[in-house]
Every structure is written in C-alpha cells, then in structure tokens.
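Encoded as structure tokens, the structure appears first; notes follow it.
Quick note: numbers below take in every heavy atom, side chains included, and nothing from hydrogens, waters or symmetry partners. Throughout, a chain's letter reflects where its sequence line sits, starting with A, and its residues are numbered from 1.
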Amino acid sequence: MIKFLNPSYIFYLTGKILNFIKIFVIPIIIIGVIFSLFISPKDYIQGDAVRIMYVHVPSAWISLSCFALISFLCVINFIFKIKSISLIYKSLAPIGLTFNFIAIFTGSLWGEPTWGTWWAWDARLTSMLILIFFYIIFILSYKFITNPERSSKICTLISVLGLINLVIIKYSVNWWPTLHQPSSINLAGETTVHFSMLIPLGIMLFGFLLYTALIFLMKYRIETIRVKKKSLKKL
Amino acid sequence: MNLNIFLMNGYGIYVWLSFLLTFLVCLFLFLRTRKTLKKLEKDFIKETQNLSQQQFEDLKKQRIVKEILVSHSRT
C-alpha cells in the first residue's frame with residue numbers, strides 16, 4: 001500500500017498510464033462524435049440542436065466533478081498536510097476551468113436556437129459563470145502566493161466557498177426554475193433521456209474522462225518536475 | 001450528397017460550432033501542456049548537467065529523475 005503512495009512510484013505510474021490512455025482517447029472520441037452527429041436520433045422538440053448536449057453535458061459534469069474533487073483534496077491537505085495532494089489539485093484546476101468554459105460556450109450556442117437568446121441571467125447559467133471565477137481565483141492563488149502554507153489556506157477557503165456554489169448549481173433548476181431545464185439524467189431518480197441518446201452521451205463522457213485523465217497526468221508530471229527542479233537548486 | 005446531414009435543418013451552424021470549439025479548446029490545452037512538459041524536462045536535464053559527476057550519479061538513483069531522463073530521451 002505504501003508503495004502506491006510513494007511519489008516516485010506515482011510518477012513512474014503516470015508515465016505508464018499516459019502511454020495507455022494516448023492509444024484510446026482519440027478513437028473513443030471519434031466513435032462518440034460519429035454517434036453524436038450521425039447515428040443518434042433528433043429530439044422531437046429541439047430537432048438536431050439536441051446534438052449539442054453530447055459536448056455540453058459531459059463538459060459541465062467534468063467541470064463540476066473537478067471542483068468537487070479539488071475542494072475535497074484541499075480540505076484533506078489542510079487537515080493532514082500531505083504535500084503531494086497539492087500537486088493533484090494544481091493539476092486538476094486547469095482542466096476543470098477548460099471544461100467550465102466549454103460548458104458555458106456550448107450552452108450559449110444551444111440557447112440561441114432553443115430559447116432564442118445567447119445568454120440569460122438564469123440561476124443555472126449565472127452559478128456556472130460564478131464557478132469560472134472560482135476556478136480563476138483558485139488558480140491565481142496557488143500561482144502567485146509563494147508561501148505554501150498560506151497558499152494552501154487560501155486555496156482551501158476558496159474551494160470551500162466554491163463548494164457552496166456547486167450545491168447552488170445542482171439545485172438551481174429546482175429552486176429557481178426559469179429557462180434552464182431540470183436534470184434529465186438522475187442516478188437516484190428517473191432518467192428522462194431515451195436510451196438511444198444515452199449511448200452517445202456515455203461514449204462522449206468516457207472520451208472526455210480519458211482526455212481529462214491524459215491532461216491531469218501530464219500536469220501532474222509538470223508539477224512534480226517543478227518540485228524536483230526546486231530541490232535541485234538547493235544542492 | 002445529402003447536404004442536410006451537415007445543415008441539420010438549420011441547426012448545423014450551432015452544432016458544428018459547438019463541436020469545433022470544444023475540440024479546438026481541448027487541442028489547445030493538450031498542445032500547451034505537452035509543450036510545457038517537454039520544456040520543463042529539457043530545463044531539468046540542462047540543470048543536472050551543471051552538477052558535479054558525484055551529485056549527478058546520486059541524483060540518478062532517484063526513480064523520478066531516472067523517469068525524466070528516460071522520458072526526455074524518447075522525444
């Protein structure tokens with residue numbers, strides 16, 4: 001077990017997993033795109049505009065999951081002071097920000113043909129926009145605060161505040177129902193999306209998750225080399 | 001050729017733009033991350049060359065350093 005927590009072993013493992021993911025990520029995304037654009041059926045109300053869902057929904061899910069994971073890791077790091085955890089959340093934040101941006105932009109492109117507007121100050125849209133600011137402030141905090149202890153404290157504070165925003169994002173469509181539709185896919189409750197649409201959505205989600213893992217592992221290696229470079233200067 | 005596959009009853013511009021933007025942003029992040037990684041590996045190796053032979057030999061015993069050297073030699 002201790003072997004798996006050893007930074008050297010983790011670094012070695014990241015190299016192996018990276019090579020493995022590189023083989024699968026592009027073919028899976030290509031299959032997902034073919035299903036999303038050409039094989040999956042049109043929606044009976046939204047028509048072909050529903051195809052935007054296949055990039056919009058996985059992006060939103062990944063950006064939310066990344067922030068939730070970052071918050072959890074920050075709290076763990078704050079309590080137990082485990083150095084390597086900061087490397088993990090630093091590697092996750094840029095991916096979460098990227099997918100948050102994609103979710104907002106594709107949502108806007110979906111909004112124009114279905115709602116008749118690119119943007120509305122709807123609770124879900126606004127809380128997703130606020131999440132982008134949380135990501136930006138979080139990234140700036142660890143980039144510009146050089147004192148590791150202070151940086152860790154501020155990052156934890158931002159991530160915990162951001163966690164409140166995550167709850168607002170999740171329930172905004174129920175608390176303030178305006179333009180954005182309520183959740184169609186529920187792990188605990190009823191899913192209202194047809195199976196023929198769930199397949200491409202699942203493939204795209206899997207492809208995006210592989211891409212997330214790929215970038216995460218590369219970023220993790222970057223952060224590890226940065227730490228090693230610093231220790232090299234002390235020699 | 002059935003153009004409606006691309007036009008998607010007038011929604012094509014929104015759908016294609018969404019997919020295009022998503023993949024362009026993903027490609028940009030991938031290329032930028034890869035470039036940073038390669039640059040850091042290169043800089044790290046450059047800095048190890050300034051060390052004495054003994055220091056370098058000691059450093060090479062570390063698994064992470066060995067991995068960086070191997071990874072860099074592959075490219």
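Rounding to the nearest 0.5 Å gives a distance of 14.0 Å between CZ of Phe30(B) and OG1 of Thr98(A). Rounding to the nearest 0.5 angstrom, the gap separating the OG1 atom in Thr114(A) from the OH atom in Tyr14(B) is 9.5 Å. The distance from the CZ atom of Arg226(A) to the CG atom of Leu40(B) is 5.5 Å, given to the nearest 0.5 Å. The line from NZ of Lys42(B) to CD1 of Ile225(A) is 14.0 Å long, rounded to the nearest 0.5 Å. Here CD1 of Ile68(B) is found 8.0 Å from OG1 of Thr224(A). Values are rounded to the nearest 0.5 Å. Residue Glu223(A) holds its CD atom at 10.0 Å from OG1 of Thr36(B), rounded to the nearest 0.5 Å.
Note on Ser59(A), Gly15(A), Gly107(A), Ala49(A): by heavy-atom pairs under 4.5 Å with chain B, the leading option is Ala49(A).
Note on ring orientation: taking the six-membered ring where Trp is involved, the planes of Phe6(B) and Phe38(A) are perpendicular (angle over 60°, cut-offs 30° and 60°).
Taking the side chain as every heavy atom from C-beta outward, Ser18(B) and Phe105(A) never approach each other to under 4.5 Å. For the pair Lys42(A) and Asn9(B), the minimum side-chain heavy-atom distance is below 4.5 Å. At a threshold of 4.5 Å between non-hydrogen side-chain atoms, the residues Phe23(B) and Ile29(A) count as touching. The closest side-chain heavy-atom distance from Ile52(A) to Tyr11(B) is not below 4.5 Å.
With a 4.5 angstrom heavy-atom cutoff, Leu37(A) touches chain B via backbone and side-chain atoms both. When heavy atoms are compared at a cutoff of 4.5 Å, Leu21(B) approaches chain A solely by way of its side chain, counted from C-beta outward. For Met204(A), the part sitting under 4.5 Å from any heavy atom of chain B is the side chain, from C-beta outward, and nothing else.
For Lys219(A) against Thr33(B), the heavy-atom pair with the smallest separation is CE-OG1, 3.7 Å.
Side chain of Tyr211(A) to main chain of Cys26(B): a donor-acceptor pair is present (N/O by atom type, distance under 3.5 Å, no hydrogens or angles).
Around CG of Leu24(B), the count of heavy atoms belonging to other residues, nucleotides or ligands within 6.0 Å exceeds 12. Counting non-hydrogen atoms of other residues, nucleotides and ligands closer than 6.0 Å to CD1 of Ile13(B) gives a total of 12 or fewer.
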